[in-house]
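All heavy atoms count here, side chains included; hydrogens, waters and symmetry mates do not. Because the structure is a prediction, the values reported are computed rather than measured. As the structure lists them, so they are numbered: ligands from 1, and atoms in each ligand from 1.
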Amino acid sequence: MQYWWMEAVGYQIYIKSFKDGNNDGIGDLKGITQKLDYLHLLGVNLIWITPFYDSPMDDNGYDVRNYFEVARQYGTLDDFKVLLKKAKSLGMKVILDFVLNHTSDEHPWFIESRKSVDNPYRDYYIWQPPKVIDGKNYPPTNWGSFFGGSAWKYDALTNQYYMKIFSDKMPDLNWKNSKVIESMIEVGKWWLDLGIDGFRLDAVSHLARDQFIDSTFSNDIVLDWFKFSNLPDNHKYLNQLHEGLFKPYNAFTIGEVGGEASIEEAIKYASFNSNEVSMVFNFDHNWHNNIHDITDLKDLKVDVLGLKNTINTWQETFKDIGWLPLNWLNHDQPRVVSHYGHVDYHGPSAKMLATIMYLSRGTPFIYQGEEIGMTNFPFKSLDQIDDISTINGVKNQIDKHPKDREKIIQKALMTTRDHPRTMMQWDDSEYAGFSSVKPWFHVNPNYQSINVAQQISDPNSIWSYYQKLISLRRFSAYSKTILYGTYQMILKDDPNLFVYLRKLNNETLLIIGSFSDQKQSFDTSLYPIDHIIIHNYENTQIDANIIHLRPYEALCYKVKERI
Ligand code: GLC
Ligand code: CA
């Protein structure tokens, strides 16, 4: 089984923070078009652009008001057509973010829906009467939302609640209503007819809802996502989208199924035999450190064994039956070099992380700025935060546990989705070359030492290393093995080294990455070195059969064939 997207190298663009093309402080479509040559030079040939549809921007565009219009702040439909044309001329595929679970509360469907219980659009959304206990009104169930608080919002006009598993301004669509599916197929066709290549499907494990019965986990409001994740009907809806939309257009689709979908569910969504989506993004490998218990950033420790186990389990499970995306983060997660790397070994650790991820079996999705090792932002207080989920979540937790206020804030500042959303660092000019005016959000103070301009001209930079890794995948003598070889993790119990083999026919590649800031060693006796293919240090310290690895050292070598 081979598809074009298996050989692609993807790149995620968070439009608002990528490049400002008209100097109003907000990233836009023109800015992306200006940077397509840059992405081409890096070796990327598939881009995923986060939502740029018309929206009141409660959640930076994931709250769509009109699926057929471009948000004015991002440009015009003509700007998008220019972008698409240029991308195609560079051999680059383009996928868009398709928000299916909810719309904005300002979408005309919802404006109609809330007017009366018999409005023709009423059933486009999920409405329920209040639960009445002792004459008092409560939400229909005690289910919590992802962004904090109840998953229901009261609407006085009809004395009912609508469901919203994200923010109040993002009412959930009712997928039981076949008109919703038909309407969304129409939206999808409209964009595919323009010439795009597919979609990243936002929050797509949540389309089906359980019966509206309280969660028994707690008497209080509780985020029991089983009530609205991966239910059997969710597969049915995706299958209908597949038959009615994805298949006829031969569209590539990658479903965001998040941390809620188990590996068994992921197989149902995205094995080669499932008629749902091409691949899924899961987040199992995203939080393998002590981030959720600590209060001091200096103590951040990576759970290397846990991380290895997770990555290996997904690789093993999907080896013959499907294909995986390879990614460290997206616009909702912290910067990987800040989480799994080391500040004192910024360059080596960023390169090590890239090595072990992007030589695996799957399709890379690099997140903007990752290719130069952009870091988390040194947030100090809540008033520096823009993200609606952080703001609502913190408020909600503090209401519940006022005594833990400081701890709650500190943890939120470390995990906030705003870390990956600071401006892309293009050069060392004011505002990092993102814009000529003050941007809508922060520029990381380290932009003068970490930026594209400086790294492109340095053959030893993180950027140059990414370019080399990508070219190994796409254009080298080892491409076939990197793309289609088997994946076998070795030294599974080693708490510092991440090591695996890729094999195809007679060729074996060995990939080693050290997660340690101390010296480590690796015995090559079983896997003698033929030659080194890529390496994040200049020379190799080798003594008899032992490679002495320096902090965060990573290398890939070809193993000598046995004769
Ligand atoms: C997805 C997006 C996230 C958004 C949410 C609701 O998880 O990645 O940014 O807030 O869906 O649309
Ligand atoms: Ca702009």
J.: Taking only heavy atoms of Met170, which atoms of ligand 1 are found under 4.0 Å from at least one of them?
T.: 6 (C), 12 (O)

J.: Would you say the ring centroid of His102 lies under 6.0 angstrom from that of Tyr62?
T.: no

J.: Do His235 and Glu265 meet the criterion of a side-chain donor-acceptor pair at a distance under 3.5 Å?
T.: yes

J.: When you compare ligand 1 with Asp59, is there at least one nitrogen or oxygen pair between them that comes in under 3.5 angstrom?
T.: yes

J.: Parallel under 30°, tilted from 30 to 60°, perpendicular over 60°: which one fits the rings of Phe318 and Trp314?
T.: parallel

J.: Considering heavy atoms of the protein only, find what lies nearest to atom 11 (O) of ligand 1 and give residue, atom and distance to 0.1 Å.
T.: Asp202 OD1, 2.8 Å

J.: Considering residues, nucleotides and ligands other than Lys86, do more than 12 of their heavy atoms fall under 6.0 Å from its NZ?
T.: yes

J.: Compute the ring centroids of Tyr125 and Trp109, then answer whether they are less than 6.0 Å apart.
T.: no

J.: Ignoring hydrogens, just give me the one of Asp97, Asp332, Asp58 whose non-hydrogen atom is nearest atom 8 (O) of ligand 1.
T.: Asp332

J.: I'd like to check which ligand 1 atoms, numbered from 1 as shown, lie under 4.0 Å from a non-hydrogen atom of Arg417.
T.: 3 (C), 4 (C), 9 (O), 10 (O)

J.: Should the ring pair Phe379 and His442 be called parallel, tilted or perpendicular, given that the plane angle runs from 0 to 90° and is split at 30 and 60?
T.: perpendicular

J.: Heavy-atom pairs closer than 4.0 Å: do any link ligand 1 to the side chain of His206, the backbone, both, or neither?
T.: neither

J.: So, Thr141 versus Trp152: side-chain donor-acceptor pair below 3.5 Å or not?
T.: yes

J.: Taking the inter-plane angle between the rings of Trp4 and Phe252 on a 0 to 90° scale, is it parallel (under 30°), tilted (30 to 60°) or perpendicular (over 60°)?
T.: perpendicular

J.: Just jot down the ligand 1 atoms closer than 4.0 angstrom to any heavy atom of Arg200, in number order.
T.: 2 (C), 8 (O)

J.: So, do Trp48 and Phe281 have ring centers that fall under 6.0 Å from each other?
T.: yes

J.: Atom OG1 in Thr253, atom NZ in Lys247: separation rounded to 0.5 Å?
T.: 13.0 Å

J.: Under 4.0 Å from a heavy atom of Phe147: give me the atoms of ligand 1 that qualify, with their elements.
T.: 10 (O)

J.: Using a 4.0 Å cutoff against the non-hydrogen atoms of His102, which atoms of ligand 1 qualify?
T.: 6 (C), 12 (O)

J.: Can you tell me how far CD1 of Ile372 sits from CE of Met424, rounded to the nearest 0.5 angstrom?
T.: 4.5 Å

J.: Just to confirm my output: which protein heavy-atom neighbour is closest to atom 7 (O) of ligand 1, and how far is it?
T.: Glu256 OE2, 2.9 Å

J.: Under 4.0 Å from a heavy atom of Phe166: give me the atoms of ligand 1 that qualify, with their elements.
T.: 5 (C), 6 (C)

J.: Listing by chain and number, what protein N/O/S atoms are under 3.0 Å from the Ca ion (ligand 2)?
T.: Asp20 OD1, Asn22 OD1, Asp24 OD1, Ile26 O, Asp28 OD2

